[in-house]
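To start, the structure itself, in structure tokens.
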Amino acid sequence: MELITAVRFLRSDLYSVLSKELGVDISTELLTLAFTHRSFAYESGAKETNERLEFLGDSVLGLVVTEELYLRFPDLDESRLSPLRSGIVNMRALADIARTLELGKYIRLGKGEEVTGGRDKNSLLADALEAVIGAVYIESGFARASTVVRALIATTLESAVAKGAGLDGKTALQELTASLGKGVPEYVVSETGPDHDKSFSAKALVAGIEISQGEGKSKREAEQVAARLAYETLKPDTPTL
């Protein structure tokens, strides 16, 4: 019993650092749940995982980003706002934000995920970030969660806007490859994970050669990420997507 109490104390002390970074107090119990991956739950017999909080956080994140873009770019229509949002709310971008918060060290993983580098997997980091956002919403409500999300995405948003992420990546890449006489890009997509939590990976091929690879929570998102990366690779001397 003393060991369990000591572990809880250490965890609480560790979480206090994260709470300070986020600027909001979140209970130890809720953060513990936010970092409980299903592999840990399966091996330890825990009843709950972070998937419900992730589901909630994904919705909160999507709404806040959508509102931010809607207010910030009143002259852009849906066809421009949607890919711009995808440039911000995608697995890779969310994982990078999670890395700045060092969320990998908090995630509770099963032995299999641990030995295969789960703490630095884009999918697990993005899921953990969304679960934390869900926890902030539960603990402090939408207004506070909105403030936290806006702070977290600020750099990513500016970067996406600077790179012109509001443009459709696949269209831009196709126009570029056509101008280079390399034909139409092709995409090879693979998927992993259970039906309720799939992750997609897309390879962008130009003239049969793999140029880049993108990840996402949908086939479309993965292809768009791969297309933007390929565009940057093939035309690095110009403003990119």
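Here the side chains of L22 and V132 are in contact, with some heavy-atom distance below 4.5 Å. Between S212 and E232, the closest side-chain pair of non-hydrogen atoms is not below 4.5 Å. Looking at V136 and I26, their side chains come closer than 4.5 Å, going by heavy atoms from C-beta outward. No side-chain heavy atom of P185 sits under 4.5 Å from any side-chain heavy atom of I211.
The residue from R92, M91, R99 that alone fulfils the side-chain contact (heavy atoms from CB on, under 4.5 Å) condition with L125 is R99. Under the salt bridge (charged side-chain N to carboxylate O under 4.0 Å, His left out) test applied with R119, the options E114, E113, E102 reduce to a single match, E114.
Heavy-atom neighbours of K105 NZ from other residues, nucleotides or ligands within 6.0 Å: above the threshold of 12. Counting heavy-atom neighbours within 6.0 Å of K198 NZ, excluding the residue itself, gives a total above 12. No more than 12 heavy atoms of other residues, nucleotides or ligands lie within 6.0 Å of CZ in F55, so this atom counts as exposed by the packing criterion.
The side-chain contact (heavy atoms from CB on, under 4.5 Å) test applied to T36 returns T32, F40, A41, R108, not counting sequence neighbours. Residues satisfying the side-chain contact (heavy atoms from CB on, under 4.5 Å) test with S190, not counting sequence neighbours, are S201. E48 pairs by the side-chain hydrogen bond (donor to acceptor under 3.5 Å, both in side chains) definition with nothing, not counting sequence neighbours. Not counting sequence neighbours, the partners of D58 by the side-chain contact (heavy atoms from CB on, under 4.5 Å) test are E130. Remark: Y106 engages Y15, F35 in a ring pair (Phe, Tyr, Trp, His ring centres under 6.0 Å) (not counting sequence neighbours). In this structure E186 satisfies the side-chain contact (heavy atoms from CB on, under 4.5 Å) test together with L205, sequence neighbours excluded.
One N or O on the side chain of E43 and one on the backbone of K111 form a donor-acceptor pair closer than 3.5 Å.
Residues V225 make up the rest of the hydrophobic cluster containing L229, defined by ILVMFWY side-chain heavy atoms closer than 4.5 Å, directly or through other members. The hydrophobic cluster containing Y42, built from Ile/Leu/Val/Met/Phe/Trp/Tyr side-chain heavy atoms closer than 4.5 Å, comprises no other residue. Residue V184 shares its hydrophobic cluster (ILVMFWY side chains chained together at separations under 4.5 Å) with no other residue. Here L71 is tied into one hydrophobic group with Y70, each link being a pair of ILVMFWY side chains closer than 4.5 Å.
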Name each donor-acceptor pair under 3.5 Å that joins a side chain in residues 138-145 to protein atoms two or more places apart or in another chain, with its distance.
residue, atom, partner, partner atom, Å
E139, OE2, S27, N, 3.3
R144, NH2, G23, O, 2.2

Cut-off 3.5 Å, no hydrogens considered: what does the side-chain donor-acceptor table look like for residues 62-69, sequence neighbours left out?
residue, atom, partner, partner atom, Å
T66, OG1, G62, O, 2.6
T66, OG1, R85, NH1, 2.8
E67, OE1, R150, NH2, 2.9
E68, OE1, R150, NE, 2.8

*Can S123 and T192 be said to form a side-chain contact (heavy atoms from CB on, under 4.5 Å), step by step?*
CA-CA 10 Å; S123 57; T192 57; over 6 Å; no
*For T100 and L152, run side-chain contact (heavy atoms from CB on, under 4.5 Å): C-alpha distance rounded to whole Å, both residues' side-chain angles, the deciding distance at 0.1 Å, then the answer.*
CA-CA 10 Å; T100 66; L152 290 175; 6.0 Å; no
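Across all non-hydrogen atoms, the minimal contact from S86 to R228 is O-NH2, 3.8 Å.
Hydrophobic cluster membership is shared by L61 and L33, with clusters built from Ile, Leu, Val, Met, Phe, Trp and Tyr side chains linked at under 4.5 angstrom.
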